Amino acid sequence: MFRGRGSWCIIAISIPERCGQLAVLPVTARLVLDNRNSHRRRVVSIQVQGGLTYERATSTSHGFSGGLHASSHPGCSPPRINAQPLSGVNAAPGVWQCWDDGSLDPCHRGLYSVAVVSSTDAWAVGGAGVIWHYSGGAWTQVTSPTTQHLSSVAMVSAKDGWAVGGWVGTILHWNGSSWTKVDSPTTKYLSSVTLTSSTDGWVVGESGTILHWDGHTWTPVASPTIRWLYSVAMVSSTDGWIVGDGGTILHWDGNAWMTVASPTTSGLSSVAVVSASDAWIVGSRGSGTILRWNGSAWIAVSTGDIWLSSVRMVSATDGWAVGASGIYHWNGSTWSAVTRPTASSLSSVAMASSTDGWAVGDSGTVLHWDGSAWTTMSNPFASHLFAVAMVSATDGWAAGMWGSILHWNGSIWTQVTSPTGSHLNAVRMISAIDGWAVGNGGTILHWNGSAWMTVTSPTSNRLYSVAMVSASDGWAVGDGGTILRWDGSSWTLASSPTTKWLLSVAMVSSTDGWIVGDGGTILHWDGSTWTTASSPTTNRLNCVIMNSATDGWAVGFNSTILHWDGSAWTKATSPWGHLTSAAMASPTNGWAMGYYGAILSWDGVAWTTAGSPVTSDLMSVAMVSPTDGWAVGYDGVILRYAPFKSHVYLPMSLK
């Protein structure tokens, strides 16, 4: 067990080369305790030479409030499958690893900022300190000196650049050969960096933080606001703009930053300048906001309800804005939507010229502009994944945002045709030719062995979970206390004793089942009626799983883990705050997943934190055996659990 800060150890990791040869390499690892204040937790990461990082999250403050992201619900794993371990697999302890889908970063860490030096030189930064470099016609991942999120990158030249972010005032510098940490005068989160020259730069961030670079040191500058500042752009060393929360707009006149009248109270995400009399601001918090500076005042431009995160101008008649709402182009007179090749939210855009540009965003998404169209350069599974279910070691399914459905054939996950565009929150398989998926708007899909088909639903309420006793007996639950029953021919509404959100259902048999949901709700099925059961918590319960009639688990928010012993539900000790899903390979071998990549392990005695390669929210887990399992989550993340000697994936080039 590691203790303290900066402890060093020698570990051995078996790393198969991509050509297939296995090599066991001793590597130096460093334990880092990273206190991310905003998330009220510590992230313990083992940084390995070669750019590998393993993280485990430990709660430092329970009672953290929050809701489900977007309009989705965490997928709870299906009942345990009685399957034998794969032939030849060592049953030794395993490790959760990002499944290598061929993308530059298999862990699909979000990219928050992109900067262009030239048509052949660009940089992108993002979650967990990830840094990508575009050179020689390919993107490659480079060594980062931090695991803190990097929110912004700016380049003065090919040999001089800066990146900022983190919850400890992280500042990095590029000297032409490596990125290194630079002393920071603040511990505030830093949102944006820009440079007018190698001796003149600005950084802005949390609580009105403003820093200035004079070529030697970064120093704090008086700020007229305590609001969060998101973006800074300079016309010159004596003329610049900062924007932030609550419609905040600040102007630099060469001597001081001063507040300027703003036509909106919505959050402002990004500012870009063309000249002293022509600049643009976009917003992403509230109704879509685009503002224009005409030399004397900021004027709101009507755009409808769109959310934008970044704006960059090539000239007065050529500009781009990107965000959750897509990609928009300015032609000198109007902003218009442009076809985008991904549904991922985009965080940043940068242009080398009118015919060459880059945009980055969620899930490690990278898009390229060639003067005629935006094309996807990475991440085939950009959509968030909410559910996973396994039939066997060679047959599995995952589902998620916008109706996305993936299939596992034993060697690769591939996207399959989906009959819906609604978010799918749960998937359950009875056999290889019989399965169900449910989601938003009362969506119900059935797998018949050859295709997923839409099935008539008796509700338009969002459905969060489905469980099957047999091909002719099943249940689904959702918003407003919704309970549906499948009798082999149709789904019908069943009587419910509550109007609470019901988030997970698990069946032991046709006469014994459980439902959990909002406010600590627990319902029991006795073969004829669903009745309210005594609950030891009022916290939201996201998942329930049953090993048997006398052994079951429920997990939820605020460090909630409950155990059923056949007579009562009781609280169990939990080392983590927000859990979304759980799965048991056996009564003494199980896993629970949660926000920020949290992974907990059950050994039959206690729940303990386990190593996680991601910080994305994990929404669903399914185990085939004690040595074979899968987990999915936000950013299209797919994790595989396998014996420790299996693949540890290294960064690779992406043309």
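Since we're looking at a predicted model, the values are computed, not measured.
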So how far is it from [X] [atom1] to [Y] [atom2], rounded to the nearest 0.5 Å?
X      : Y      : atom1 : atom2 : value
Cys98  : Leu639 : SG    : CG    : 5.5 Å
His133 : Gln141 : NE2   : CD    : 13.5 Å
Thr196 : Trp213 : OG1   : CH2   : 13.0 Å
Leu308 : Thr289 : CG    : OG1   : 8.5 Å
Ile242 : Leu268 : CD1   : CG    : 12.5 Å
Asp245 : Thr265 : CG    : OG1   : 10.5 Å

Check: [Y] and [X] side chains under 4.5 Å, non-hydrogen atoms:
X      : Y      : value
Phe386 : Val632 : no
Ile444 : Trp436 : yes
Asn175 : Ser178 : yes
Leu367 : Thr342 : yes
Leu406 : Thr414 : no
Leu211 : Ile171 : yes
Trp369 : Ile327 : no
Val388 : Trp413 : yes

When you measure from the side chain of [X] to the backbone N and O of [Y], does any donor-acceptor pair fall under 3.5 Å?
X      : Y      : answer
Asn425 : Leu463 : yes
Trp397 : Ala437 : no
Trp179 : Gly161 : no
Ser457 : Thr443 : no
Ser151 : Leu190 : yes
Gln148 : Trp167 : yes
Ser363 : Asp635 : yes
Ser348 : Val114 : yes
Ser418 : Ser404 : no
His108 : Gly636 : yes

Do you know which of Thr248, Thr209, Val203 makes side chain to side chain contact (heavy atoms under 4.5 Å, CB included) with Leu229?
->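 That would be Thr248.
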For the side chain to side chain contact (heavy atoms under 4.5 Å, CB included) test, which of Val360, Asp362, Val125, Leu104 pairs with Leu111?
->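 Testing Leu111 for a side chain to side chain contact (heavy atoms under 4.5 Å, CB included) against Val360, Asp362, Val125, Leu104 leaves exactly one candidate, Val360.
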Might you work through the side-chain contact (heavy atoms from CB on, under 4.5 Å) test for Thr264 and Leu291, ending with a clear yes or no?
-> CA-CA 9 Å; Thr264 182; Leu291 310 180; 4.0 Å; yes
Does the side-chain contact (heavy atoms from CB on, under 4.5 Å) test come out yes or no for Val349 and Met351, once each step is laid out?
-> CA-CA 7 Å; Val349 60; Met351 307 300 294; 4.1 Å; yes
Identify, with sequence neighbours excluded, every residue that meets salt bridge (charged side-chain N to carboxylate O under 4.0 Å, His left out) alongside Asp239.
->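 For Asp239 there are no salt bridge (charged side-chain N to carboxylate O under 4.0 Å, His left out) partners, ignoring immediate neighbours.
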For the aromatic rings, using the six-membered ring if either is Trp, is the centroid distance between [X] and [Y] under 6.0 Å?
X      : Y      : result
Trp280 : Trp241 : no
Trp257 : Trp202 : yes
His329 : Trp335 : no
Trp139 : Trp123 : no
His368 : Trp358 : yes
Tyr464 : Trp501 : yes

Minimum heavy-atom distance between [X] and [Y], given as atom pair plus value:
X      : Y      : answer
Leu150 : Thr146 : CD2-CG2, 4.0 Å
Arg312 : Val271 : NH1-O, 4.1 Å
Ala350 : Ala115 : CB-CA, 4.2 Å
Val153 : Ser113 : N-OG, 3.0 Å
Leu424 : Ala399 : CB-CB, 3.9 Å
Val282 : Ser309 : CG2-C, 4.2 Å

side-chain contact (heavy atoms from CB on, under 4.5 Å) between Val117 and Tyr134, intermediate numbers included = CA-CA 10 Å; Val117 179; Tyr134 181 74; over 6 Å; no
Aromatic rings Trp452 and Trp447: how do their planes relate, parallel, tilted or perpendicular, breaks at 30° and 60°?
->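 Judged by the thresholds at 30° and 60°, the geometry between Trp452 and Trp447 is tilted.
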Side chains of Thr482 and Asn461, donor plus acceptor under 3.5 Å |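 On atom types as modelled, these side chains qualify, holding a pair under 3.5 Å.
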Looking only at side chains, do His212 and Asp200 share a donor and an acceptor under 3.5 Å apart?
->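 Distance-only check passes for His212 and Asp200.
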In a check of side chain to side chain donor-acceptor pair (under 3.5 Å) between Ser191 and each of Trp228, Tyr230, Tyr112, which one passes?
->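 Filter result, single survivor: Trp228.
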Asp278 vs Arg292, side-chain contact (heavy atoms from CB on, under 4.5 Å): CA-CA, chis, key distance, verdict | CA-CA 7 Å; Asp278 190 5; Arg292 188 177 192 182; 3.2 Å; yes
More than 12 heavy atoms of other residues, nucleotides or ligands under 6.0 Å from CE of Met453: is that the case?
->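 Atom CE in Met453 is not crowded, with 12 or fewer foreign heavy atoms closer than 6.0 Å.
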Could you check Ser184 against Thr186 for side chain to side chain donor-acceptor pair (under 3.5 Å), going step by step and ending with a plain yes or no?
-> CA-CA 5 Å; Ser184 174; Thr186 182; 5.6 Å; no
For Ser354, enumerate each residue passing the side-chain hydrogen bond (donor to acceptor under 3.5 Å, both in side chains) test, keeping only those at least two apart in sequence or located in another chain.
->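 With sequence neighbours excluded, Ser354 shows a side-chain hydrogen bond (donor to acceptor under 3.5 Å, both in side chains) to no residue whatsoever.
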